[in-house]
There are 4 protein chains.
Amino acid sequence: MDETTPALLEEGWGTQRLAAFSDGVYGIAATLLVLNLRLPEVAAGGLAQALATQWHDVVAYALSFLIIGIYWSGHHALFTYIHRVDILSIFLNILLLMVTALVPFPTAVLGRYLDVPQDGRTAVIVYSGILVLGALAFNLIWWYALAQGLVDPGLSRSLRRRITWQYASGPVAYLAALGLAWWNVAASFAVIVLVTLSFVFPALTQFLRRPIRRKLPAT
Amino acid sequence: MDETTPALLEEGWGTQRLAAFSDGVYGIAATLLVLNLRLPEVAAGGLAQALATQWHDVVAYALSFLIIGIYWSGHHALFTYIHRVDILSIFLNILLLMVTALVPFPTAVLGRYLDVPQDGRTAVIVYSGILVLGALAFNLIWWYALAQGLVDPGLSRSLRRRITWQYASGPVAYLAALGLAWWNVAASFAVIVLVTLSFVFPALTQFLRRPIRRKLPAT
Amino acid sequence: MDETTPALLEEGWGTQRLAAFSDGVYGIAATLLVLNLRLPEVAAGGLAQALATQWHDVVAYALSFLIIGIYWSGHHALFTYIHRVDILSIFLNILLLMVTALVPFPTAVLGRYLDVPQDGRTAVIVYSGILVLGALAFNLIWWYALAQGLVDPGLSRSLRRRITWQYASGPVAYLAALGLAWWNVAASFAVIVLVTLSFVFPALTQFLRRPIRRKLPAT
Amino acid sequence: MDETTPALLEEGWGTQRLAAFSDGVYGIAATLLVLNLRLPEVAAGGLAQALATQWHDVVAYALSFLIIGIYWSGHHALFTYIHRVDILSIFLNILLLMVTALVPFPTAVLGRYLDVPQDGRTAVIVYSGILVLGALAFNLIWWYALAQGLVDPGLSRSLRRRITWQYASGPVAYLAALGLAWWNVAASFAVIVLVTLSFVFPALTQFLRRPIRRKLPAT
């Protein structure tokens with residue numbers, strides 16, 4: 001490149017403002033989910049029952065909040081491995097955020113239509129479709145960072161391979177849920193919930209193992 | 001754990017991005033409260049009266065903004081004691097944020113239905129129920145951090161015990177307000193307001209004591 | 001205080017997370033203003049005219065965005081003078097943010113009702129009333145920080161006095177606009193705009209003076 | 001200036017809180033775009049078709065998210081060149097954010113009216129008009145920073161000139177799209193999309209060149 005090339009094109013950026021922008025999008029997308037819960041307008045005495053019918057929306061809220069939280073912690077983990085970004089990885093990150101920020105919409109669809117006979121299928125397909133795209137975007141960032149040498153050189157080959165496989169399992173699992181929806185909507189939704197909880201599971205396992213090794217004298 | 005275990009699972013993370021993400025959720029949840037104030041559509045000359053009927057919503061706005069502000073400063077205080085987080089404390093924090101980000105919804109319900117005979121009870125129960133969950137989530141994070149040795153080792157036993165008791169008082173107080181709602185809605189709401197203001201009270205006490213000890217020559 | 005007092009009550013906090021939380025609220029409150037612009041639903045061919053009738057809302061958007069921007073830069077300036085915060089200044093800051101986050105509501109009222117005969121007066125009174133509260137909250141934080149010795153000790157007496165007077169002029173000016181509304185709504189609105197622009201004026205003056213002293217050889 | 005001049009007026013500020021506030025506005029404006037996708041209310045079995053008719057809104061969402069992402073990365077790049085800000089550049093930045101935060105509104109208009117015969121023209125004109133204003137605001141900040149000597153002194157004359165030309169091309173291109181709308185709406189929209197993608201193109205070029213020079217041994 002010639003002398004006039006901006007330094008950031010040549011050398012790449014640190015990841016600090018990328019993290020700040022991404023944290024903002026994750027935080028806002030998660031918090032906007034609450035707008036899917038609409039204030040019911042009822043005649044006197046009808047509030048309790050009206051709120052009770054919104055339990056679908058509360059379940060969808062909790063599931064999507066957890067998913068965006070998992071995305072956020074996955075993003076955090078990813079950028080402990082990736083130490084520099086170039087301009088294309090910035091655009092791949094924008095793509096990931098574009099999918100993440102969309103989540104409140106399929107969440108509203110899911111909360112409203114999950115138990116409507118035909119539309120429940122459509123709702124689950126749309127919801128899992130977005131999750132497939134989100135998981136693919138994570139894979140794209142990781143593959144690109146590996147190919148471009150943006151990953152921490154201290155990461156061992158075996159760890160790189162393990163992370164590659166972990167990331168690859170995400171779109172496959174959500175795609176399975178999507179396919180299952182044509183056969184059985186409830187089973188498909190159950191798979192989405194279980195796959196999502198499986199990301200929290202290592203944390204619980206860790207909890208069961210840790211106290212023995214790490215517990216310090218507390219109060 | 002084997003050689004391939006990511007460093008963050010093994011050693012835990014610092015709390016910087018966790019604080020950034022949480023600050024985002026607190027700031028957004030608090031600011032979204034304003035969406036509960038709806039622009040009145042009135043015939044010419046009716047604006048003043050229409051706005052006057054929204055005072056319930058303004059009270060609910062102020063109360064919930066203060067509560068989210070107290071959560072934020074409590075979160076800030078908590079993570080001056082907790083110096084490292086592991087993956088389960090990240091999920092407990094997501095749980096806390098999930099409850100916090102929900103606050104605008106019961107706030108809308110409270111502002112709309114507080115003075116409707118039967119529905120006022122439902123509104124206060126839902127509102128205080130969310131506050132119980134939020135206070136419980138704070139306790140969970142603190143108990144877990146104590147058990148896992150994530151708390152600053154410099155904190156004395158007596159201070160740890162005092163913090164444990166302070167946190168424990170939160171869910172108990174809001175649960176009392178919730179129970180009171182079956183008997184008397186106005187009393188229940190008054191308890192919620194008083195318990196919330198009690199978190200600001202130490203600040204005022206401190207103000208009354210400090211000037212004597214700390215006042216510097218000012219303008 | 002006894003041995004168990006948390007360090008942050010005793011020594012105060014730095015201002016970093018307070019700035020992060022506040023920046024979040026300012027950024028969100030400003031960005032939420034766009035929700036006051038509603039998508040018009042018109043018959044084919046009616047869009048241009050429907051958008052043209054929304055110019056009030058665009059003016060209100062621009063004015064409020066500028067005001068929140070001025071608040072943000074004022075907050076930034078304030079916390080270059082204030083180096084430490086205690087728990088009461090945190091609550092005063094929450095009070096300031098509570099007023100700031102409310103701005104989108106009176107902005108919506110102003111955009112909708114400014115040119116409706118009687119309601120225009122109500123709209124301007126509500127809008128300037130919120131600005132009086134916001135300006136008062138700034139004064140409270142400054143007075144408290146002066147009284148408690150939280151201000152940078154390097155600030156000269158004369159600078160402290162000048163800042164005190166500058167801050168004091170804010171609520172007085174917006175209160176004058178509020179009072180004027182009973183007599184003449186257009187004049188009151190003009191005063192609000194002029195007072196707001198007066199905060200930008202020093203920046204323009206500076207621009208006219210600076211080039212002579214500072215201009216470097218550019219492209 | 002006299003002895004009482006605040007330090008920040010005299011010496012300028014660093015750009016850290018300006019970046020934090022701006023990152024917040026970019027993140028929120030991008031995430032608010034999802035609110036343009038409205039939950040369809042349909043009779044049983046009508047969901048899939050109702051969602052299919054929203055593809056305009058999804059295209060508008062993706063385009064505007066990409067544009068705000070480009071703004072954000074452009075802002076990031078700009079403030080790697082500009083090392084200090086004075087009070088007028090803060091107001092120019094607020095002007096830029098004011099235009100950015102407006103983007104969700106013309107996006108909603110575009111998604112709803114792009115294919116309505118006459119209104120499509122209005123929608124494209126409004127949308128490209130906002131992009132012209134945004135691109136102009138970037139130019140203003142850059143010109144002002146050059147004139148006031150706020151730019152990194154290490155930047156060569158030729159690089160400064162190149163950046164000046166790059167920035168100048170933005171408003172010209174979007175203005176061309178705006179003018180084209182009177183003649184052909186589809187062509188105008190195509191130009192907007194192509195101009196926007198052209199900002200991503202250097203990233204792709206870089207990708208094609210880099211692997212040869214930079215690839216490290218990966219997994």
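In the text below, chain A, chain B and the rest are named by the order of the sequence lines, each starting its count at 1.
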**Student:** At a heavy-atom separation under 4.5 Å, does Ala29(D) approach chain A through its side chain, its backbone, both, or neither?
**Tutor:** neither

**Student:** Heavy-atom distances under 4.5 Å only: say whether Leu35(A) touches chain D with side chain, backbone, both or neither.
**Tutor:** side chain

**Student:** Could you state the interatomic distance from OG1 (Thr122(A)) to CD (Gln49(D)), rounded to the nearest 0.5 Å?
**Tutor:** 11.0 Å

**Student:** Donor-acceptor pair, distance only, cut-off 3.5 Å: does the side chain of Tyr113(A) make one with the backbone of Ala44(D)?
**Tutor:** no

**Student:** Do Phe105(A) and Val58(D) make a side-chain contact, defined as non-hydrogen atoms from C-beta onward lying under 4.5 Å apart?
**Tutor:** no

**Student:** Among the options Leu97(A), Leu155(A), Val116(A), pick out the one with the most heavy-atom pairs lying under 4.5 Å from chain D.
**Tutor:** Leu97(A)

**Student:** Give, for atom CD1 of Ile94(A) and atom CD1 of Ile68(D), the distance between the pair rounded to the nearest 0.5 Å.
**Tutor:** 10.5 Å

**Student:** I need the Ile87(A) CD1 to Phe199(D) CZ distance, nearest 0.5 Å.
**Tutor:** 11.0 Å

**Student:** So which part of Val126(A) gets closer than 4.5 Å to some heavy atom of chain D, the side chain, the backbone, both or neither?
**Tutor:** side chain

**Student:** For the backbone of Leu102(A) and the side chain of Tyr61(D), can you confirm whether one donor and one acceptor N or O come within less than 3.5 Å of each other?
**Tutor:** yes

**Student:** Please test Val109(A) against Leu47(D) for side-chain contact (heavy atoms from CB on, under 4.5 Å), starting from the C-alpha separation and ending with a verdict.
**Tutor:** CA-CA 9 Å; Val109(A) 172; Leu47(D) 182 61; 3.8 Å; yes

**Student:** Just verifying a value: how many Å separate Ile90(A) CD1 and Ile70(D) CD1, rounded to the nearest 0.5 Å?
**Tutor:** 11.5 Å

**Student:** Grab the two heavy atoms, one from Val42(D) and one from Arg112(A), that are nearest each other, plus how far apart they are.
**Tutor:** O-NH2, 4.5 Å

**Student:** Does any backbone or side-chain atom of Ala50(D) lie under 4.5 Å from a heavy atom of chain A? Answer side chain, backbone, both or neither.
**Tutor:** neither

**Student:** So which atom in Gly46(D) and which in Asp119(A) form the shortest heavy-atom distance, rounded to 0.1 Å?
**Tutor:** N-OD1, 3.4 Å

**Student:** Within a strict 4.5 Å, meaning less than it, do heavy atoms of the Val34(D) and Leu32(A) side chains meet?
**Tutor:** yes

**Student:** Under 4.5 Å heavy-atom distance to chain A, tell me which part of Leu33(D) shows up: side chain, backbone, both or neither.
**Tutor:** neither

**Student:** In the structure I gave you, are the side-chain heavy atoms of Phe91(A) and Leu66(D) within less than 4.5 Å of one another anywhere?
**Tutor:** yes

**Student:** Short question: side chain of Asp23(D), backbone of Ala20(A) - any donor-acceptor pair under 3.5 Å?
**Tutor:** no

**Student:** Would His75(D) and Phe21(A) count as a side-chain contact (heavy atoms from CB on, under 4.5 Å) if you check the C-alpha gap in whole Å, the side-chain angles of each, and the deciding distance to 0.1 Å?
**Tutor:** CA-CA 12 Å; His75(D) 194 267; Phe21(A) 179 62; over 6 Å; no

**Student:** Side chains of Trp72(D) and Leu18(A): does their closest heavy-atom pair fall under 4.5 Å?
**Tutor:** yes

**Student:** Would you indicate whether the side-chain heavy atoms of Val25(A) and Tyr26(D) approach each other to under 4.5 Å?
**Tutor:** no

**Student:** Please classify the contact between Gln54(D) and chain A as side chain, backbone, both or neither, with a heavy-atom cut-off of under 4.5 Å.
**Tutor:** side chain

